Structure formats: structure tokens, C-alpha cells
Amino acid sequence: MKSERTYPVYKVNKHAEGLLVGGHPWVYENDILEAPGTEPENGTLVDVVSPKGAYLGTGFLSLQSKIRVRLISRNANDTFDTAFWRRRVEYAWAYRKTVLEPADLSACRFIFGEADQFPGLTVDRFNNVLVTQTLSVGMEKLKPVLFPLLAEVLRADGQTIDGIYERNDEALRAKEGLEQNKGWFALPGESHPETTQTEICENGVYYHVDFENGQKTGFFLDQKYNRRAVARLAAGHTVLDCFTHTGSFALNAAKGGAARVTAADISAEAIAMAKRNAERNNLDNMDFLCEDTFALLPRLEKEGHPYDFIILDPPAFTKARRTVENAMRGYKEINYRAMKLLPRGGYLATASCSHFATEELFIKMLRAAAKDAHRQLRQIEVKQQAPDHPILWGVPETNYLKFFLFQVI
């Protein structure tokens, strides 16, 4: 039996009803037919109903965003108390324990926003610290209840968590009417670590993580199994890792037995971090190059080079639909150059982390680049983000990472 509803009600049009019934969790401002006479408080829970008044779900209201409601439940009998959120946290952790190997649980994505039914919230675990990013006003208001539960659930499972650090220095918060900030979240009755740095181990490779100043939450965890795929093929090869950032692909290739690995990045800070990580792992088969990949690849083609394995893992070239065309030109340029550089029989690992550069567009780009480079691609593996970044089929926004491993012939 449905419980008596006490939440403000938003009625949506048929378009929104179709999306919600299909599993999508967002209600856009333009799809609302009727709103409460008295405007509810920003970030509060509201019910969403169909044009005929049928219950569709309950979610957080965001008065300043085009995404007006973010659903958290489609069950009219749910009670959104502390016990509810504890179950949600336990469910997310149980999922990670199921899909990840035990050694990977100390460095993983614990909460992946809508895919875990925590809209606008990211939680990454880096060893003894949880690092959060909150991008919705509803989750922001829930923090005093939710964040202590994050630590409690992991500790109850025997995990060591010494603190929670917030990385809310993200411009998207402005769309929810939230200010940017970063710093330690005060867990009741607890002190936090003095340092904002830690160390993680992934695929047997150790990394220094600066979760105060590193990109996003401090380290990109989504490629862990793709790095392992590269390591498996690297033995005896000469490897060029473009856009190396913290050196992750390069380190895996070096540890996998590559004859030589060059880690290249336009950022001097990234190169310094990659060098530090190489030293930590006692890898002496690496060298480092601070150079823009768009300039580096043509230069190597002109001057000659020793590489027979090239890795392309650039930052997102587009974060909006309107810039996709320019982004695909950028992806084609670097992939074309890499294919031209590689000897026949060489290997290419290439990725895109942009949701808007869809798999269909990415494959079309690769085919065009191969044709122009007069190369044939022998597909070895096609992968996506690691399963701690789950893809929810009703939410295409959760599907963003493309990774292809080829032999170029």
C-alpha cells in the first residue's frame, strides 16, 4: 500500500514521463506542467507525477538548475530517513566488493552519482581517505546525514578511513546555486589527517595522490583495468605514452616489461609527478618529455623515432554537444599521427573520456584516421570505464569512457 504523500508535487509532460519510465532520473525545467502554488525550499524532496497524476518518483528540487528535479527513488513507500541512506551506502559498497578484486577496494570509486542513486555526488576512496565532490543542492543539504554514514559503513567492514576531504572547487556548482570550496569535512567528534596527500596501489603500481590539488578528486581511477591491458602487451616494446598526466599508463607499461617507455605531457607539474611515481616504483626503463602532443607527434614523424607502441589518453576534448565537431577533429589528428608513426605490426591504445564523443563518433573517427594513414586496424580489445564507475543503461550520461587497443598493420 502506498504511504500518504506529504511532499510538494510537480506534474510533468508526456516527454518527461517517457524518460522517467525509461529509467532516466532527471526532470528538466521545460518539462514541468504544474508546480506547487507556494515554491518549496531549494534542495527539498518533491514528488513527480505524470500528466494524469500517476506517481513517477521522488527527488531533490533544484530551483536554479535546468535540471529541476533529480530522482532518488521510484518507490512510493520509501521513507527517506537515516536508515534509508545507510542502506544506499551499504548497497554501493557491496556492489564494489562484488565487481572489484579485493586489492582494488583501497583505491576505487565508492559513489558514482546517478549510477548509484546519489545524484550529483562523487566519492572516491584513496587508501585511508574519502574524497567527495558534491554537484547538486539536494546532496549538499544531505551531507550532515550522509557523510558520517560513508565512514561508518566502511569502518564496519574493517576498512580504515581517517577522514573525508571535499573537492568542491568545480564551476558546475554555480548551476545549483552553490559556492566553490574545498577542505576537510568535520566528522562528529573526530579529527582529520594533517596531510592532504596519500599513497595508493593499483595493479601493483604505487602512486602519490595529492587529493587537495590534483585534478578532479586527485587521481583518475576509471582506467585501472585498461592500464592492466596495456601492461599485458608492453613486454619488449618501446612505448610512447602521450598525455601521461601522473604517468599511469606509462608506469604500467614499464612494470609490464617494456624495453623503454617515454612519458609525455604538456604540463611540467604532470611530468614531475610522473617522475616521482616512477622513482617510487623503482622503474629505470622510463624517460620523460614535457611537450604538447599535437606538436610532438608531427616532430617525431619528421625526425624519426623508436616507438612501436603508442598510448593516447587525452583529457576530454569536449564537455558540451556544441563543440563535438571540433573535438573529433582533435581526436582524429592525434590518432592519424600515431598511426602514421607506428611501424606495421605496432600497437595503439587510444581513449576518449568525453560523454559527448560517443562510441559511434569515436569509431567513425578511427576509421577515417586509419584510412588517411593507409593503415589497417586489428582490434585486440574494446573496453569502457572500470565497473566501480557503473554504466546505467537508462542514464546515457554515465557512459563516457571509450578505450580501444589495436595492432596497426
Side-chain angles (χ1 to χ4, degrees), residues 203 223 225-245 247-266 274 283 285-289 291-315 317 327-353 357-384 401-409:
N203 300 336
Q223 292 265 33
Y225 294 144
N226 303 339
R227 294 170 189 140
R228 187 181 299 180
V230 163
R232 195 168 60 245
L233 294 184
H237 291 286
T238 51
V239 180
L240 172 63
D241 178 25
C242 302
F243 309 99
T244 196
H245 190 42
S248 55
F249 274 106
L251 293 163
N252 277 265
K255 191 174 179 65
R260 193 72 194 169
V261 180
T262 298
D265 201 286
I266 194 173
L283 295 170
N285 55 340
M286 296 181 67
D287 54 71
F288 303 87
L289 189 59
E291 189 170 349
D292 182 0
T293 295
F294 285 91
L296 170 62
L297 296 178
R299 179 176 70 77
L300 291 176
E301 184 180 357
K302 181 180 179 180
E303 298 175 1
H305 65 93
Y307 305 110
D308 62 0
F309 194 160
I310 296 178
I311 303 161
L312 301 173
D313 181 30
F317 285 172
M328 298 319 298
R329 282 196 289 267
Y331 285 121
K332 183 181 178 183
E333 169 68 12
I334 59 173
N335 280 276
Y336 164 78
R337 294 291 181 183
M339 292 175 198
K340 289 275 285 183
L341 277 174
L342 285 168
R344 296 190 186 275
Y347 293 87
L348 172 66
T350 183
S352 167
C353 61
T358 63
E359 184 171 344
E360 180 182 4
L361 287 174
F362 200 68
I363 290 173
K364 181 180 179 182
M365 175 277 298
L366 288 170
R367 291 188 188 279
K371 181 180 179 181
D372 290 353
H374 304 292
R375 294 291 192 268
Q376 181 68 261
L377 300 178
R378 176 182 284 164
Q379 181 177 303
I380 302 168
E381 289 192 75
V382 179
K383 291 180 172 286
Q384 55 199 34
L401 183 63
K402 283 75 58 181
F403 178 87
F404 291 80
L405 193 54
F406 297 112
Q407 186 180 42
V408 179
I409 58 177

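Owing to the predicted nature of the structure, the values given are computational and were not obtained by experimental measurement. Only heavy atoms go into these numbers, but all of them, side chains included; no hydrogens, no water, no symmetry mates.
- With sequence neighbours excluded, the residues that form a side-chain contact (heavy atoms from CB on, under 4.5 Å) with A234 are A253, A258.
- With sequence neighbours left out, E360 forms a side-chain contact (heavy atoms from CB on, under 4.5 Å) with T358.
- Checked against side-chain hydrogen bond (donor to acceptor under 3.5 Å, both in side chains), K364 has no partners two or more places apart in sequence or in another chain.
- Applying the side chain to side chain donor-acceptor pair (under 3.5 Å) definition to pairs two or more places apart or across chains, those involving residues 298-313 are Q223-D313, H237-D308, T238-D308, T262-Y307, E291-R299, R299-E303, E301-R337.
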Please set out all donor-acceptor pairs under 3.5 angstrom arising from side-chain atoms of residues 338-347, sequence neighbours excluded.
{"unit_1": "R344", "atom_1": "NH1", "unit_2": "I409", "atom_2": "O", "d": "3.2"}
{"unit_1": "R344", "atom_1": "NH2", "unit_2": "H374", "atom_2": "O", "d": "3.3"}
{"unit_1": "Y347", "atom_1": "OH", "unit_2": "Q407", "atom_2": "NE2", "d": "3.3"}

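- Listed by chain and number, the residues in a salt bridge (charged side-chain N to carboxylate O under 4.0 Å, His left out) with R228 are E101, D104 (sequence neighbours excluded).
- Considering only residues two or more places apart in sequence or on other chains, F406 meets the ring-ring contact (aromatic ring centres under 6.0 Å, His included) condition with F404.
- With sequence neighbours left out, K371 forms a side-chain contact (heavy atoms from CB on, under 4.5 Å) with no residue at all.
- For D287, the salt bridge (charged side-chain N to carboxylate O under 4.0 Å, His left out) partners at least two apart in sequence or on another chain are R260.
- Residues passing the side-chain hydrogen bond (donor to acceptor under 3.5 Å, both in side chains) test with D241, sequence neighbours excluded: T244.
- Partners of A229 by side-chain contact (heavy atoms from CB on, under 4.5 Å), not counting sequence neighbours, listed by chain and number: R232, E381, K383, L405.
- Applying the salt bridge (charged side-chain N to carboxylate O under 4.0 Å, His left out) rule to R367 yields no partners; only residues at least two apart in sequence or on another chain are considered.
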